[in-house]
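Note that the coordinates shown come from a computational prediction; the quantities given were computed from them, not determined experimentally.
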Number of protein chains: 2
Amino acid sequence: MLKGHLDAVLLATIGDDALHGYAIIEAIRARSGGHFDLPEGTIYPALHRLELAGLLASRWVQPNGGRKRRVYALTDSGRQSLVERRAGWQSFASGIDRVLGARA
Amino acid sequence: MLKGHLDAVLLATIGDDALHGYAIIEAIRARSGGHFDLPEGTIYPALHRLELAGLLASRWVQPNGGRKRRVYALTDSGRQSLVERRAGWQSFASGIDRVLGARA
DNA sequence: ATTAAAGCCTAGTGTTGCTAGGTATAACTT
DNA sequence: AAGTTATACCTAGCAACACTAGGCTTTAAT
């Protein structure tokens with residue numbers, strides 16, 4: 001459903017915070033105005049992929065009175081990648097806009 | 001490279017004209033300001049797919065002093081699909097914009 | 001005690017668009 | 001005349017992506 005822009009969405013959603021997967025799903029739903037409601041089967045493998053790529057780092061956290069969570073934060077190259085992907089999105093979107101004759 | 005929006009791009013590029021594959025590639029390149037330069041291996045299978053789906057109709061044309069071309073035009077449901085996909089793109093793009101905090 | 005919610009995970013699959021080829025004709029160069 | 005470039009069409013195979021559809025555990029609510 002996110003058509004190749006999932007990584008940018010994940011990086012932007014985490015931003016300067018440290019969020020766990022479930023919270024990321026809710027944050028994306030909230031920030032997109034309910035537009036994107038991503039299944040767990042989309043999120044978790046993507047987080048693993050981004051960590052493997054060195055854009056995210058995770059650690060397990062035990063909140064008092066809750067079960068263990070795996071929280072993710074951007075690495076330096078994750079922050080850099082976010083900047084690039086944001087620019088990439090804008091360039092991409094303006095290209096599509098031109099061709100579709102929409103929002104021109 | 002078009003991340004799931006290829007069909008919309010093709011339908012919009014053809015529009016009210018009747019274009020052949022090669023001309024579609026050039027039109028996309030021109031209309032996108034050089035941003036999208038799609039290989040033939042992307043275009044031709046996609047045109048076939050859209051024709052199979054009933055969104056495009058093709059016919060062979062022999063221009064005087066040129067080789068045969070297969071020209072594509074939108075069907076009625078192709079026109080309808082284009083309207084839907086344009087709206088879909090705008091909705092999608094504004095969702096991504098919100099999440100990325102870009103072009104807000 | 002049961003159910004629901006929070007939280008993590010994976011295997012498998014369909015769609016998509018790419019690479020990397022192949023073929024044929026027309027136009028332009030040398 | 002020969003060779004190259006541009007035009008024009010095509011396909012097989014592949015890799016990435018994100019989805020479906022499950023499974024597992026712990027805490028909160030009923």
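OP1 or OP2 of D/dA8 lies within a sub-4.0 Å distance of a side-chain N or O belonging to B/Arg69. For C/dG17, the OP1/OP2 oxygens have a side-chain nitrogen or oxygen of B/Arg49 closer than 4.0 Å. The phosphate of D/dT7 (OP1 or OP2) has no side-chain N or O of B/His20 nearer than 4.0 angstrom.
For A/Phe36 and D/dC19, the CZ to P distance is 10 Å, given to the nearest whole Å. The interatomic distance linking B/Arg59 (CZ) with D/dC9 (C1') rounds to 17 Å, in whole Å. The CG-C1' distance, from A/Leu19 to C/dC8, rounds to 16 Å in whole Å. Between A/His48 atom NE2 and D/dA18 atom C1' there is a gap of 15 Å when expressed in whole angstrom units. Atom CH2 in A/Trp60 sits about 6 Å away from atom P in C/dC8, given to the nearest Å. At whole-Å resolution of the value, OH in A/Tyr44 and C1' in D/dC17 are 19 Å apart. If you measure from atom CD1 of B/Ile24 to atom C1' of C/dG17, you get 16 Å, rounded to the nearest angstrom. Here the C1' atom of nucleotide D/dC17 and the CG atom of A/Leu50 are 12 Å apart, to the nearest Å.
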Stepwise side chain to side chain contact (heavy atoms under 4.5 Å, CB included) check, A/Arg49 with A/Asp7:
CA-CA 9 Å; A/Arg49 184 163 41 81; A/Asp7 293 359; 3.0 Å; yes
Show your working on side chain to side chain contact (heavy atoms under 4.5 Å, CB included) between A/Thr75 and A/Leu56 and close with a plain yes or no.
CA-CA 5 Å; A/Thr75 62; A/Leu56 293 178; 5.6 Å; no
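Of the two residues contacting DNA chain D, namely A/Ile43 and B/Pro45, the nearest-nucleotide position lying further toward the 5' end is that of B/Pro45.
Remark: A/Lys68 NZ is loosely packed, at most 12 non-hydrogen atoms of other residues, nucleotides or ligands lying under 6.0 Å away.
In plain terms, the two heavy atoms of B/Arg59 and B/Ala18 that are nearest each other are NH1-CB, 4.4 Å. Smallest separation of non-hydrogen atoms from B/Ser32 and A/Val99: CB-CG2, 3.7 Å. Taking each heavy atom of A/Leu38 and A/Ile25 in turn, the nearest pair found is O-CG2, 3.6 Å.
Remark: A/His48 pairs with no residue by the side chain to side chain donor-acceptor pair (under 3.5 Å) rule, at least two apart or across chains.
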Within the sub-3.5 Å range, which N or O atoms of nucleotides 21-30 of chain D have a protein N or O partner, and how far apart are they?
{"from": "D/dT25", "atom 1": "O2", "to": "A/Arg67", "atom 2": "NH1", "distance (Å)": "2.4"}

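Between the side chain of A/Ser77 and the main chain of A/Gly54, a donor-acceptor pair closer than 3.5 Å is present.
A heavy-atom distance below 4.0 Å to DNA chain C is reached by none of the residues of residues 3-17 of chain A.
The aromatic rings of A/Phe92 and B/His5 sit tilted relative to each other, their planes meeting at an angle between 30° and 60°.
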